[in-house]
Amino acid sequence: MADNVILIIDDDRGLRVSLSAFLEKKGYSTLTAATAQEGLEIIENNTVDLVLLDIRMPGMDGITALKKIKEINSDLNVIIITGYGSIETAVEAMKEGAVDYVTKPFNLKELSSKIETSLKIKYMVIKNKLDEREEEGRESFSNLIGKSKQMQEVYELIAKIARKDVTVLILGESGVGKEMVAKAIHQNSQRKDGPFIKVNCAALPDQLLESELFGYEKGAFTGASRQKKGMFELADGGTIFLDEIGDMSLATQAKILRVLQEHEFQRLGGEETIRVNVRVLAATNIDIQQAIERGKFREDLYYRLNVVRINMPPLRERPEDIPLLTNEFIKEYNQKHNKEINGVAPDAMRLLMSYDWPGNVRELKNICEQAVVLNDSNVITAADLPVEIRGKGFNLDANQSNQSLKDITKNLTSEIERKIITETLEETGWNRNETAQKLGITPRTLYNKIKEYKIER
Ligand SMILES: Nc1ncnc2c1ncn2[C@@H]1O[C@H](COP(=O)(O)OP(=O)(O)OP(=O)(O)O)[C@@H](O)[C@H]1O
Ligand SMILES: [Mg+2]
């Protein structure tokens, strides 16, 4: 982390000297200022990557200085140094765009980890930034969001193969964006003006799936009162997206294989051979290799589909995409729910970034919606997040030596948790299962919380 310049603005000379020595030893360059005014001048005339700003100073106070810093350079990250117990000031500072805070007397280990994170992630607090999508670097492709190395590779692959008219197999856990990738391929292909037809192969029983895919003739089976075109016919000239192909029966797999090989098929109960010009994209979240070994998936079909394979990385392997995705989802849900949420507090963002996301982007999206709906202020805080996410993060912060701050946070969290649970219970007419589901916790956890907080009807 060398070459980053940190400006320390604090009226306490001893603190300036020792902090600057400590940071220089860590490989940072430092500048110091004894007053806010002096600090602002330095910011105007130098490249500064991060500011450590004391709140209580003679002359111009920290909050005013913070506002001015943001006027000079809204992207400059500021960590606030506050006195013990003034958590309200810290929250206020965060609303003004500070990226994090430490309380005096502070723990150097905690401070340096906060510095490191703030330098790494400049998206942590997104106050008033939601409307300006930054365009530098490739942060999105079609509607896909994310600028991690893994996602960049996905974009490159899509760009490379979209116009090639080859079959693509998209693999990845649930909620990673397989369907979005399929759409992006279609939209960037020569077929983009043709239809994009999605078939969920897991949702339908065998017979029904085949009639959906291939259509049927009048009288093909009881209830077939007229001819119906199937998805392959409807997708003619465009793309068909076979979702959850891992769940298809072997019989249906054989028929699909034939379409891939010969580009033709018959409607159910029909004689006529129908030829179509369709590009096939397929996706699954099961381990297809294992399905082949178990005789549940045809190897020849696998090779036909697997001309190009895209492996979608799980969200937990690209946490740097989380702030970007969160920004975008909050923006979307602000609109949907008529809210004006400005950003995510650093604590909450740290929790989001350290959670392991078994449901991947879909889960993050749901949690963002829930947080936007529940939130009453302008900033999403840890209290707006479901317990399973908060649980993880507190372990992460367990090495914080500042016991009193921890207690304050804990009490605050419990209070808010109690409030959310009570409100949700009232909303659902005290339906515990529904409440648990809404809050993303198990009924058992809910039961324990009701007892712990002594919530009564
Ligand atoms: N990179 C991304 N950028 C923006 N939104 C995304 C991204 N990835 C996923 N999403 C959103 O997450 C949700 C799940 O995505 P999608 O349906 O494409 O996932 P999937 O891999 O097909 O999941 P499943 O296996 O459960 O069908 C959608 O609402 C989608 O809009
Ligand atoms: Mg899907």
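The residues of the chain are indexed from 1 along the displayed sequence. Scope of the values below: all heavy atoms of this structure, side chains included, with no hydrogens, waters or symmetry mates. Whatever order the structure lists them in is the order used to number ligands and atoms, beginning at 1.
For the side chain to side chain contact (heavy atoms under 4.5 Å, CB included) with Ile367, the qualifying choice from Lys365, Glu369, Glu363 is Glu363, the only one to do so.
The atoms of ligand 1 that sit less than 4.0 Å from any heavy atom of Val361 are 6 (C), 7 (C), 8 (N), 9 (C), 10 (N), 11 (C), 12 (O). Interface atoms of ligand 1 facing Asn285, defined by a heavy-atom separation under 4.0 Å, are 25 (O).
Residue-to-ligand polar distances place Ile145 within reach of ligand 1: an N/O pair is separated by less than 3.5 Å. Of the polar atoms of Gly175, at least one N or O is found under 3.5 Å from an N or O of ligand 1, judged by distance alone. Note: an N/O pair closer than 3.5 Å links Gly177 and ligand 1 by distance alone. In terms of polar-atom proximity, defined here as any N/O pair under 3.5 Å, Met180 does make such a contact with ligand 1. Looking at Lys178 next to ligand 1, an N or O pair under 3.5 Å apart turns up.
A salt bridge between Lys147 and Glu320 is absent, with no side-chain N of the basic residue lying under 4.0 Å from a carboxylate O of the acidic one.
Ring pair Tyr216/Phe221 is perpendicular by interplanar angle, where above 60° counts as perpendicular and below 30° as parallel.
Not counting sequence neighbours, the partners of Arg316 by the salt bridge (Lys or Arg N to Asp or Glu O under 4.0 Å) test are Glu173.
At a threshold of 4.5 Å between non-hydrogen side-chain atoms, the residues Tyr28 and Glu116 count as touching.
Only side-chain heavy atoms of Phe329 come within less than 4.0 Å of ligand 1; its backbone N, CA, C and O stay farther off. Neither the backbone nor the side chain of Glu328 has a heavy atom within less than 4.0 Å of ligand 1.
By the 4.0 Å heavy-atom criterion, Glu244 is counted among the residues contacting ligand 1.
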